[in-house]
**Q** 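Got a structure here, written out as structure tokens. Questions coming.
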Amino acid sequence: MAAGPSTVAINVRKVVTNPEVARLRHGRRRGVASGGRSYSSRRRVERGRQLTGAPPPTAVAGAQRGGRPQLASPRPSPRGARAAPGHGRGKMDENEWGYHGEGNKSLVVAHAQRCVVLRFLKFPPNRKKTSEEIFQHLQNIVDFGKNVMKEFLGENYVHCGEVVQLPLEFVKQLCLKIQSERPESRCDKDLDTLSGYAMCLPNLTRLQTYRFAEHRPILCVEIKPKCGFIPFSSDVTHEMKHKVCRYCMHQHLKVATGKWRQISRYCPLDLYSGNKQRMHFALKSLLQEAQNNLKIFKNGELIYGCKDARSPVADWSELAHHLKPFFFPSNGLASGPHCTRAVIRELVHVITRVLLSGSDKGRAGTLRLGLGPQGPRVCEASPFSRSLRCQGKNTPERSGLPKGCLLYKTLQVQMLDLLDIEGLYPLYNRVERYLEEFPEERKTLQIDGPYDEAFYQKLLDLSTEDDGTVAFALTKVQQYRVAMTAKDCSIMIALSPCLQDASSDQRPVVPSSRSRFAFSVSVLDLDLKPYESIPHQYKLDGKIVNYYSKTVCAKDNAVMSTRFKESEDCTLVLHKV
């Protein structure tokens with residue numbers, strides 16, 4: 001999910017079929033009280049009733065027996081869809097689930113006791129899809145994760161989830177319950193309450209390999225690292241794209257349009273460099289201006305992150321208060337700026353260690369694109385690089401990412417964008433012309449799935465010699481879609497202090513100054529980017545580069561010109577005597 005919540009991924013066969021999870025209906029917890037809500041909250045609740053068709057509270061109460069809503073009869077499910085967790089042995093209770101977050105295309109709720117979430121699709125109010133279409137959409141997401149991204153990134157990092165069927169009344173009541181918690185900026189799209197289908201996934205804000213919430217404290221850092229390389233394709237016509245990364249250029253346009261309050265000092269190339277000094281700078285920059293690229297959860301609850309441009313300025317002292325028990329469990333530092341800096345420093349060091357670790361033993365690593373010679377190693381707009389240049393120093397060489405770490409594998413998949421959008425767009429038009437002439441071939445070309453082994457194998461063709469065929473064009477288009485997916489994914493790092501007797505704990509451990517943490521690393525937001533979004537990406541790319549060139553570069557050139565004139569006025573000219 002773009003700008004997405006902490007969703008996705010679960011091995012549902014290990015969770016949904018477990019007898020304990022089948023009893024999800026137990027353990028009711030009190031829902032959100034209706035009293036004392038603000039006007040805007042009440043308005044969103046009323047909007048929720050309109051979306052779901054739910055009756056007023058009095059009518060709901062009258063329709064209940066024994067304090068529980070009556071559920072609709074189960075519908076026949078397509079082959080492959082499992083029954084909902086707990087459905088069949090009893091009625092599902094919406095009060096056991098709470099709002100977790102949402103992105104542009106989906107919304108996630110988390111269970112109060114179990115380490116699972118449900119992910120629902122969202123659509124504009126005027127756009128309706130049939131139940132079969134929604135089921136297939138969700139199943140395609142599962143298949144793509146299982147057959148493609150798990151192969152590229154490794155099975156330890158990717159959790160594919162499974163499509164489940166939910167009682168319609170449960171979905172309607174759940175939508176009504178969470179409506180007041182949704183950000184206003186996200187309410188332009190409605191939760192799918194008509195199909196009854198959702199994805200059941202693990203709650204990645206918790207340590208993985210455990211089905212149930214552990215009692216020990218859990219800290220989770222979600223990072224959306226974005227694109228980690230500068231285009232190396234000869235098809236690039238804008239020289240600026242060979243010097244400045246897409247993220248740094250896009251920041252200026254986002255601030256100009258009011259998307260964000262100020263420009264972030266974060267540059268993805270610093271994080272992907274493998275150089276600890278640059279990585280520390282990148283992570284501190286994310287903590288200073290999180291935007292939608294960093295969130296921190298404590299025991300599953302969001303404690304740090306920026307929702308939109310109106311969000312308050314990041315408060316490091318408040319964050320340090322939350323983190324201090326993790327990093328300084330005894331004889332802790334006194335409060336104040338020194339304590340805050342020490343805690344933030346510990347957090348940054350631990351995240352860096354985890355990102356550079358390689359804990360996956362899967363089959364990933366089939367791509368061999370070569371990270372060294374392709375493209376510049378630094379972004380000219382990176383504040384880290386600029387500060388060193390001002391001091392007359394060279395930017396530290398990229399140390400290189402360990403091949404087993406998730407950052408390395410993610411970067412490899414991103415580099416499937418072999419031609420850049422400028423070289424890709426003409427190939428997209430070739431495919432489009434073919435489809436206009438032979439529309440029945442869309443299914444054969446696997447543009448909308450199935451995302452199976454055959455689809456994956458075609459992605460491994462890294463040739464860039466265009467033979468003029470539709471097959472070549474289609475392969476590059478599909479590679480671009482996968483690369484864009486990797487450029488927009490999120491990395492979840494879950495940390496928990498090691499228990500005194502951690503000898504039986506099979507999970508990897510990372511040390512800090514005064515403690516050790518068991519950790520798990522997962523990747524989410526792995527929905528394949530839509531084929532139809534390519535024209536939008538082409539237009540957006542031109543808009544980003546043109547804005548950056550006309551504003552930032554023009555300003556820099558003016559400054560340089562002024563300096564040149566000033567130095568020209570002071571030039572001492574010597575003549576022969």
Side-chain angles (χ1 to χ4, degrees), residues 223-233 236 238-256 259-294 306 314 344-345 347-349 351-352 355-356 371-401 405 407-408 410-411 414-415 417 420 486-488 491 541 544-560:
I223 300 172
K224 188 181 285 289
K226 304 302 284 187
C227 181
F229 71 97
I230 287 179
F232 47 82
S233 171
V236 171
H238 300 278
E239 184 61 27
M240 187 55 58
K241 291 170 66 173
H242 285 311
K243 300 177 181 179
V244 180
C245 77
R246 163 73 172 256
Y247 181 87
C248 289
M249 283 194 285
H250 202 178
Q251 280 288 301
H252 292 269
L253 182 61
K254 287 183 175 181
V255 171
K259 170 68 175 177
W260 298 115
R261 181 178 55 251
Q262 64 185 31
I263 292 172
S264 171
R265 292 168 59 83
Y266 170 71
C267 176
L269 267 68
D270 290 331
L271 186 67
Y272 281 97
S273 69
N275 178 280
K276 290 184 179 180
Q277 187 181 0
R278 291 175 66 185
M279 293 179 73
H280 290 172
F281 183 88
L283 291 170
K284 287 180 181 178
S285 299
L286 280 178
L287 286 165
Q288 287 173 335
E289 187 66 27
Q291 297 186 2
N292 65 344
N293 297 102
L294 182 137
C306 183
I344 297 298
R345 183 170 58 249
L347 173 66
V348 167
H349 285 190
I351 295 175
T352 302
L355 288 174
L356 292 175
L371 298 180
Q374 306 204 6
R377 299 189 173 196
V378 295
C379 168
E380 288 188 0
S382 165
F384 182 87
S385 302
R386 285 192 170 191
S387 64
L388 288 182
R389 285 199 301 271
C390 290
Q391 299 171 33
K393 300 179 182 178
N394 294 324
T395 304
E397 284 294 316
R398 179 168 52 197
S399 302
L401 292 166
C405 76
L407 280 181
Y408 177 88
T410 304
L411 185 55
Q414 291 179 359
M415 292 174 72
D417 178 10
D420 187 70
K487 292 177 185 181
D488 206 35
I491 295 174
D541 183 76
I544 290 171
V545 178
N546 289 334
Y547 182 84
Y548 188 84
S549 299
K550 290 178 181 178
T551 56
V552 181
C553 293
K555 182 179 178 181
D556 289 345
N557 291 337
V559 171
M560 290 300 295

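This is a predicted model, so every value here is computed, not measured.
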**Q** Would you say the side chain of Leu347 lies within less than 4.5 Å of the side chain of Leu283, judging by non-hydrogen atoms?
**A** no
**Q** What pairs with Asp420 under salt bridge (charged side-chain N to carboxylate O under 4.0 Å, His left out), at least two apart in sequence or on another chain?
**A** Lys241
**Q** Taking it one step at a time, do Ile491 and Leu407 satisfy side-chain contact (heavy atoms from CB on, under 4.5 Å)?
**A** CA-CA 9 Å; Ile491 295 174; Leu407 280 181; 3.9 Å; yes
**Q** Show your reasoning for whether side-chain contact (heavy atoms from CB on, under 4.5 Å) applies to Glu289 and Arg261.
**A** CA-CA 9 Å; Glu289 187 66 27; Arg261 181 178 55 251; 3.8 Å; yes
**Q** In the structure I gave you, are the side-chain heavy atoms of Leu269 and Val378 within less than 4.5 Å of one another anywhere?
**A** no
**Q** Are the side chains of His238 and Tyr548 in contact, using a 4.5 Å heavy-atom criterion?
**A**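 Answer no - side chains too far apart.
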**Q** Counting N and O atoms only, with roles assigned by atom type, does the side chain of His242 sit under 3.5 Å from a partner on the main chain of Phe232, one being a donor and the other an acceptor?
**A** no
**Q** Would you say the side chain of Ile223 lies within less than 4.5 Å of the side chain of Ile351, judging by non-hydrogen atoms?
**A** yes
**Q** To the closest 0.5 Å, what do you measure between CG (Leu411) and SG (Cys405)?
**A**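 If we round to the nearest 0.5 Å, Leu411:CG and Cys405:SG are 9.5 Å apart.
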**Q** With a 4.5 Å cut-off on side-chain heavy atoms, are Cys245 and Cys267 touching?
**A**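 Sidechains of Cys245 and Cys267: in contact.
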**Q** His349: what forms a side-chain contact (heavy atoms from CB on, under 4.5 Å) with it, not counting sequence neighbours?
**A**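 Only His280, Arg345 meet the side-chain contact (heavy atoms from CB on, under 4.5 Å) criterion with His349.
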**Q** Quick one, Phe281 and Arg265 - any side-chain contact, counting heavy atoms below 4.5 Å?
**A**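 Yes, side chains in contact.
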**Q** Side chain to side chain donor-acceptor pair (under 3.5 Å) with Ser264: which residues, sequence neighbours excluded?
**A**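 Residues passing side chain to side chain donor-acceptor pair (under 3.5 Å) with Ser264: none at all.
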**Q** Taking the side chain as everything from C-beta on, heavy atoms only, tell me whether Lys487 gets closer than 4.5 Å to Arg246.
**A**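 No. Closest side-chain heavy atoms not under 4.5 Å.
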**Q** To the nearest 0.5 Å, what is the distance between NZ on Lys284 and CZ on Phe384?
**A**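 Between Lys284 NZ and Phe384 CZ, I get 11.0 Å after rounding to 0.5 Å.
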**Q** By side chain to side chain donor-acceptor pair (under 3.5 Å), which residues pair with Lys226, not counting sequence neighbours?
**A** Asp488
**Q** Looking only at atom types and distance, does a side-chain atom of Gln291 sit under 3.5 Å from a main-chain N or O of Trp260, one as donor and one as acceptor?
**A**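 Side chain of Gln291 to backbone of Trp260: no pair is present.
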**Q** Going by heavy atoms in the side chains, are Tyr266 and Leu271 under 4.5 Å from each other?
**A** yes
**Q** Indicate the atoms forming the closest heavy-atom contact of Gln414 with Tyr272, along with that distance.
**A** NE2-OH, 3.1 Å
**Q** Side chain to side chain donor-acceptor pair (under 3.5 Å) with Ser382: which residues, sequence neighbours excluded?
**A**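 By the side chain to side chain donor-acceptor pair (under 3.5 Å) rule, Ser382 matches Asp270.
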**Q** Run the ring pair (Phe, Tyr, Trp, His ring centres under 6.0 Å) test against His250 and tell me which residues pass, sequence neighbours left out.
**A** none
**Q** Roughly how far apart are Ser549 OG and Glu239 CD, rounded to 0.5 Å?
**A** 10.5 Å
**Q** If the condition is side-chain contact (heavy atoms from CB on, under 4.5 Å), which residues does Leu356 pass it with, not counting sequence neighbours?
**A** Lys276, Met279, Thr352, Leu401, Pro402
**Q** State the CE-CG distance between Met249 and Asp541, to the nearest 0.5 angstrom.
**A** 7.0 Å
